[in-house]
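Beneath this line is the structure, given in structure tokens, with notes to follow.
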Amino acid sequence: MGIPQQVTIDGRIPFNSAGSTIFAKIGYDGALWGPLIEKAWAKMSGNYEAIIGGWMIEAIMAMAGSPASLYKTSNY
């Protein structure tokens with residue numbers, strides 16, 4: 001938590017040769033917020049390698065500057 005920062009990213013998302021995203025997946029409804037938040041978090045952290053094995057909630061909490069909760073569902 002701390003001073004808010006503005007992070008600017010481009011719209012390019014890393015894909016593998018099979019055509020699927022390498023890291024965070026695109027939502028069932030085509031939503032891109034997951035991969036884009038992950039990209040902003042990777043930029044804030046230095047690179048994608050720095051965030052390997054982390055949880056999306058860590059990025060949301062850090063970027064929003066507020067607490068968050070993780071709820072597991074049957075679709076998890």
Side-chain angles (χ1 to χ4, degrees):
M1 312 302 164
I3 300 171
Q5 298 179 40
Q6 182 173 338
V7 178
T8 304
I9 59 169
D10 58 33
R12 295 180 296 180
I13 299 170
F15 285 85
N16 62 23
S17 59
S20 63
T21 55
I22 296 174
F23 304 109
K25 302 301 178 201
I26 295 173
Y28 295 118
D29 60 353
L32 295 172
W33 67 267
L36 293 175
I37 287 177
E38 181 182 56
K39 185 169 187 166
W41 182 237
K43 186 172 184 178
M44 289 176 68
S45 300
N47 56 37
Y48 278 99
E49 187 175 0
I51 64 170
I52 290 175
W55 290 87
M56 181 66 77
I57 195 165
E58 295 171 356
I60 292 171
M61 287 175 22
M63 291 193 289
S66 64
S69 297
L70 177 65
Y71 295 98
K72 295 183 180 182
T73 67
S74 59
N75 294 331
Y76 187 78

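All values derive from a computational prediction rather than experimental measurement.
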* Asked: Would a distance-only check, ignoring hydrogens and angles, find a side-chain to backbone donor-acceptor pair under 3.5 Å from K25 to S20?
  ->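 Between the backbone of S20 and the side chain of K25 there is no qualifying donor-acceptor contact (under 3.5 Å).
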* Asked: For the side chain of K39 and the backbone of I13, is there at least one donor-acceptor N/O pair under 3.5 Å apart?
  ->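 Checking the backbone N and O of I13 against the side chain of K39, no donor-acceptor pair under 3.5 Å is found.
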Between [X] and [Y], what is the shortest heavy-atom contact and its length?
X	Y	result
I51	A42	CD1-CB, 3.7 Å
P35	A24	CG-O, 3.6 Å
I37	A59	CG2-CB, 4.3 Å

How many angstroms lie between [atom1] in [X] and [atom2] in [Y], if you round to the nearest 0.5 Å?
X	Y	atom1	atom2	value
E38	I9	CD	CD1	10.5 Å
I57	S69	CD1	OG	6.0 Å
I26	F15	CD1	CZ	4.0 Å

* Shared hydrophobic cluster for I22 and I52 (ILVMFWY, side-chain gaps under 4.5 Å) ->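 In one cluster: no.
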